[in-house]
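Reading through the structure tokens given below for one structure.
Order of the sequence lines fixes the chain letters, A, B, ..., with proteins taken first and strands second; residue numbering starts at 1 for each chain.
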There are 2 protein chains.
Amino acid sequence: MNNTRFATIIHILTLLAKYPDQWLSSEWIAESIKINPVIVRKELSVLHKQGWVMSKKGKDGGSMLSQSSCEISMADIFNAVKNSNVLGKKNTCDDTNCPIGKEINIELEKLFNETDDIVIHALEKKSLKSFVDQFK
Amino acid sequence: MNNTRFATIIHILTLLAKYPDQWLSSEWIAESIKINPVIVRKELSVLHKQGWVMSKKGKDGGSMLSQSSCEISMADIFNAVKNSNVLGKKNTCDDTNCPIGKEINIELEKLFNETDDIVIHALEKKSLKSFVDQFK
DNA sequence: ATTAACTGTAATTAAACTTATTACAGTTAT
DNA sequence: ATAACTGTAATAAGTTTAATTACAGTTAAT
């Protein structure tokens with residue numbers, strides 16, 4: 001996770017939650033985040049697949065939250081963008097002659113998964129709503 | 001943290017712990033991990049700065065643990081290689097006109113730091129020794 | 001004292017990943 | 001008909017990561 005996807009999605013969802021019942025365009029959202037509108041549309045498509053957002057095409061179109069922000073947890077959001085373990089990547093040493101090298105990825109896998117789970121459990125306790133409510 | 005540095009350093013330390021009182025060469029270590037020896041030497045230099053490892057130059061030289069593996073925690077190791085937040089990077093939206101965009105990085109910073117702290121506290125409970133003892 | 005086998009580090013290249021941009025087909029309101 | 005959108009593919013540019021090359025310095029053994 002050495003990218004901005006979590007921050008970007010949180011930003012999008014915060015805007016949608018702060019301006020409910022309004023169709024926000026990807027261009028307008030992109031200006032707030034200072035990123036390219038195409039990136040916003042790509043992330044909106046992820047949010048769409050999660051069932052969190054609905055969109056309206058055509059003129060005066062845009063996106064809107066389709067689920068209450070208290071039903072979306074930070075863990076849900078993290079899982080939607082997570083593309084690696086918190087502790088990083090493993091080397092490909094499984095085919096080495098070394099007895100440690102042969103086995104270490106099995107042990108690292110356990111440690112990496114445990115660590116991911118700790119993060120996810122902590123994030124399950126935080127809702128999008130409580131994040132959004134911090135803004136006046 | 002979308003790199004192999006944590007895995008690499010764990011691997012190095014595990015070998016050093018499994019073969020105590022022996023000078024292991026960077027080339028030998030690199031063969032076990034299946035990475036380039038120069039990368040091993042770079043990480044050894046990090047371990048050296050932490051005071052965990054000592055090295056002997058010249059022929060029959062190599063590296064050796066200089067601290068007991070029960071005194072090194074996974075949190076120490078994580079902190080030594082950590083170069084980003086667990087939840088990733090932030091966008092640079094601070095200078096936007098949008099009131100949310102202006103403030104969001106402050107709130108994200110809090111959330112990102114809290115999440116990092118959770119990982120670190122969990123890893124503080126795990127020692128290098130308990131990891132290494134898993135190997136026969 | 002010469003050689004072989006190391007460390008330590010800088011500089012460069014190559015590969016992988018991330019973000020931005022261009023392009024365009026399709027949709028909808030006016 | 002047109003303007004303002006979505007959705008998505010394709011490509012380019014930028015950034016990060018890992019590998020490689022190179023070499024000066026150290027040490028052990030002959």
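Applying the ring pair (Phe, Tyr, Trp, His ring centres under 6.0 Å) test to every pair with at least one member in residues 21-78 of chain B, sequence neighbours left out, gives these pairs: Y19(B)-W28(B).
Under the 3.5 Å distance criterion, the side-chain polar atoms of S84(A) are left unmatched by any main-chain donor or acceptor of K89(A). No donor-acceptor distance shorter than 3.5 angstrom exists from the side chain of K90(A) to the backbone of F112(A), with no hydrogens or angles considered. Side-chain atoms of N91(B) never come within 3.5 Å of backbone atoms of C93(B) as a donor-acceptor pair (strictly under, hydrogens ignored). Using a distance-only test at 3.5 Å, with no hydrogens or angles considered, no donor-acceptor pair links the side chain of S130(A) to the main chain of K126(A). Formation of a donor-acceptor pair under 3.5 Å by the S45(B) side chain with backbone atoms of R41(B) is not found in this model. D76(B) places a side-chain N or O within 3.5 Å of a backbone atom of S73(B) that can act as its donor or acceptor partner.
The shortest heavy-atom contact between H11(B) and I100(A) is NE2-CG2, 4.4 Å. Between E31(B) and T96(A), the shortest heavy-atom contact is O-OG1, 3.0 Å. Minimum interatomic distance between A30(B) and N36(B) (heavy atoms only, all atoms of both residues): CB-C, 4.0 Å. The two residues P37(B) and S26(B) have their closest heavy-atom pair at O-CB, 4.1 Å.
At least one side-chain heavy atom of M1(A) sits under 4.5 Å from a side-chain heavy atom of N83(A). Using a 4.5 Å cut-off on side-chain heavy atoms (C-beta onward), E107(B) and I10(A) make no contact. For the pair V53(A) and I12(A), the minimum side-chain heavy-atom distance is 4.5 Å or more. A heavy-atom distance below 4.5 Å is found between the side chains of L87(B) and L123(A).
S63(A) comes within 4.0 angstrom of no nucleic acid atom, judged by non-hydrogen atoms across all strands.
Nearest-nucleotide assignment on DNA chain C puts the 5′-proximal partner with S45(B), out of M1(A) and S45(B). Sequence order on DNA chain C of the closest nucleotides to K42(A) and L44(B) puts L44(B) first from the 5' end.
Applying the 6.0 Å contact sphere to CD of E27(A) captures no more than 12 heavy atoms from other residues, nucleotides or ligands.
An OP1 or OP2 oxygen of dT16(D) is reached within less than 4.0 angstrom by no side-chain nitrogen or oxygen of N3(A). Contact annotation: S25(A) does not reach the phosphate of dA4(D) (side-chain N/O to OP1 or OP2, under 4.0 Å).
Of all nucleotides in DNA chain C having an atom under 4.0 Å from a heavy atom of chain B, the first and last in 5' to 3' order are dA4(C) to dT18(C).
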Got a list of protein N/O to nucleotides 27-29 of chain D N/O distances below 3.5 Å?
| unit_1 | atom_1 | unit_2 | atom_2 | d |
| --- | --- | --- | --- | --- |
| dT27(D) | O2 | K59(B) | N | 3.0 |

Nucleotides 12-15 of chain D: which of its N/O atoms have a protein N/O under 3.5 Å away?
none

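Of the residues in residues 27-41 of chain B, those placing a heavy atom less than 4.0 Å from an atom of DNA chain C are V38(B), R41(B), in numerical order.
As a whole-Å value, the separation of N91(A) CG from dA18(D) P is 8 Å.
Fit an axis to the five pairs at each end of the helix from dA1(C)-dT30(D) to dT30(C)-dA1(D) and the two axes sit 0° apart, to the nearest 10 degrees.
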